[in-house]
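In what follows, a structure is listed as structure tokens, so that the remarks can point back to it.
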Amino acid sequence: MKILVTDDDRNIRQGLVDLLESEGYAVTAAGDGAEALRLVKRDQPDLVLLDIMMPGMDGYTVCREIRRDDETLPVIFISARSEEVDRVLGLELGADDYIQKPFGTREVIARIRAVMRRVNASTSGNDAQQDFEMGDLRISPGGLRATRGDQVMELGPRDIRILALLHRETGRVVSRDRLLNECWGREFVASSRTVDQHVSRLRKLIEVDPSDPAIIRTVHGAGYRYDP
């Protein structure tokens with residue numbers, strides 16, 4: 001999933017880029033409205049995070065221009081403007097959500113996942129979004145979540161890619177190198193330790209007993225395997 005981050009504050013912009021990349025999203029960034037529109041046309045992102053107060057072309061204008069060409073591209077405003085009229089205007093222009101600065105990192109991720117669940121629900125039917133089961137766990141790629149009975153676990157895109165790969169290769173060992181290539185991307189500079197750390201975090205989310213995992217099993221010296 002590709003996200004475009006637009007903010008004229010370099011620190012906020014880079015912080016959002018780092019946060020989203022750590023969650024497995026592919027991210028591009030723009031420092032002003034004109035650049036944002038160029039990147040929307042060039043990269044065709046799946047979602048846009050858009051600051052309002054920017055020099056030259058503000059976020060409201062960018063949103064209007066996006067909506068002229070695409071009525072479905074999800075847009076989330078991120079702004080220090082806290083008046084109700086600002087939030088209402090942003091939503092009336094076609095934004096899908098509005099996050100007020102200063103914001104918490106988990107709030108940003110939760111809002112993105114909520115917006116994308118709504119988008120995926122409205123465009124369901126794509127085979128790539130079909131749910132699948134691993135043991136007593138039901139994974140919903142379109143909803144970025146897994147469920148076990150009444151328990152709901154919120155997952156990131158990279159979590160989904162890891163589980164989907166292990167599910168496709170049921171009974172076979174998936175090496176750390178393959179996980180890196182397919183779930184992080186060949187251009188991502190990382191090590192096998194990166195995979196181990198992410199799997200450890202994922203186990204804490206989805207396993208009944210992370211110390212004795214039933215979904216993601218370690219094959220020492222080789223990688224990971226899912227056995228039904």
Side-chain angles (χ1 to χ4, degrees), residues 1-124 129 140-145 152-160:
M1 177 176 160
K2 296 181 292 184
I3 296 179
L4 170 62
V5 172
T6 305
D7 199 301
D8 63 323
D9 186 311
R10 183 175 63 180
N11 291 330
I12 292 177
R13 187 169 67 246
Q14 189 58 52
L16 286 168
V17 169
D18 292 343
L19 168 67
L20 296 172
E21 287 183 340
S22 73
E23 292 290 327
Y25 297 102
V27 188
T28 53
D32 59 63
E35 184 182 8
L37 287 177
R38 288 195 298 270
L39 292 178
V40 166
K41 293 178 181 178
R42 188 192 75 181
D43 298 337
Q44 298 183 335
D46 300 298
L47 181 142
V48 177
L49 289 179
L50 185 59
D51 188 22
I52 292 177
M53 299 301 294
M54 295 184 292
M57 185 184 299
D58 65 21
Y60 292 141
T61 304
V62 174
C63 188
R64 286 191 192 98
E65 293 297 320
I66 289 174
R67 285 290 170 257
R68 286 178 183 172
D69 296 328
D70 190 336
E71 295 182 355
T72 62
L73 174 61
V75 175
I76 299 177
F77 277 127
I78 296 184
S79 176
R81 301 181 68 160
S82 59
E83 296 295 328
E84 182 181 4
V85 65
D86 297 312
R87 295 193 295 273
V88 171
L89 177 57
L91 296 173
E92 287 181 344
L93 287 172
D96 296 88
D97 206 346
Y98 190 109
I99 302 174
Q100 183 182 336
K101 297 177 182 177
F103 50 79
T105 57
R106 304 322 303 171
E107 178 188 5
V108 174
I109 299 302
R111 296 289 189 95
I112 289 172
R113 289 176 178 170
V115 167
M116 293 312 299
R117 280 197 294 270
R118 294 198 297 267
V119 171
N120 289 327
S122 66
T123 58
S124 60
Q129 298 294 325
S140 301
L144 291 177
R145 61 175 48 157
V152 179
M153 293 143 274
E154 300 290 340
L155 302 176
R158 184 167 288 136
D159 300 327
I160 296 292

Residues at least two apart in sequence or cross-chain that pass side-chain contact (heavy atoms from CB on, under 4.5 Å) with D18, listed by chain then number, are Q14

Residue set satisfying side-chain contact (heavy atoms from CB on, under 4.5 Å) with L89, at least two apart, ordered chain then number -> Y60, L93

Rounding to 0.5 Å, atoms CD1 (I52) and OG1 (T61) come to a distance of 11.0 Å

Across all chains, not counting sequence neighbours, the salt bridge (Lys or Arg N to Asp or Glu O under 4.0 Å) partners of E154 are R117, R145

Distance-only check: which donor-acceptor pairs under 3.5 Å involve side-chain atoms of residues 107-116, not counting sequence neighbours?
unit_1, atom_1, unit_2, atom_2, d
E107, OE2, R111, NH2, 3.1
R111, NH1, D97, OD1, 3.0
R111, NH1, D97, OD2, 3.3
R111, NH1, Y98, O, 2.9
R113, NE, L155, O, 3.1
R113, NH2, E23, OE1, 3.1
R113, NH2, L155, O, 3.4

Ignoring hydrogens, what is the shortest heavy-atom contact between [X] and [Y]? Give both atom names and the distance.
X	Y	value
D96	P74	OD1-CA, 3.1 Å
P157	G24	CB-O, 4.3 Å
C63	V75	SG-CG1, 4.3 Å
S22	L19	OG-O, 2.6 Å

ring-ring contact (aromatic ring centres under 6.0 Å, His included) pairs touching residues 8-39, sequence neighbours excluded, are none

Side-chain donor or acceptor of R67 paired with backbone N/O of A95 under 3.5 Å
no

The single option from V5, I78, D7, V17 that satisfies side chain to side chain contact (heavy atoms under 4.5 Å, CB included) with I12 is D7

For the pair L4 and T28, evaluate side chain to side chain contact (heavy atoms under 4.5 Å, CB included) and give the outcome as yes or no after the intermediate values. CA-CA 5 Å; L4 170 62; T28 53; 3.5 Å; yes

Can I get a per-line list of side-chain donor-acceptor pairs under 3.5 Å for residues 36-51, giving both atom names and the distance, sequence neighbours left out?
unit_1, atom_1, unit_2, atom_2, d
D46, OD2, K2, N, 2.7
D51, OD1, K101, NZ, 3.4

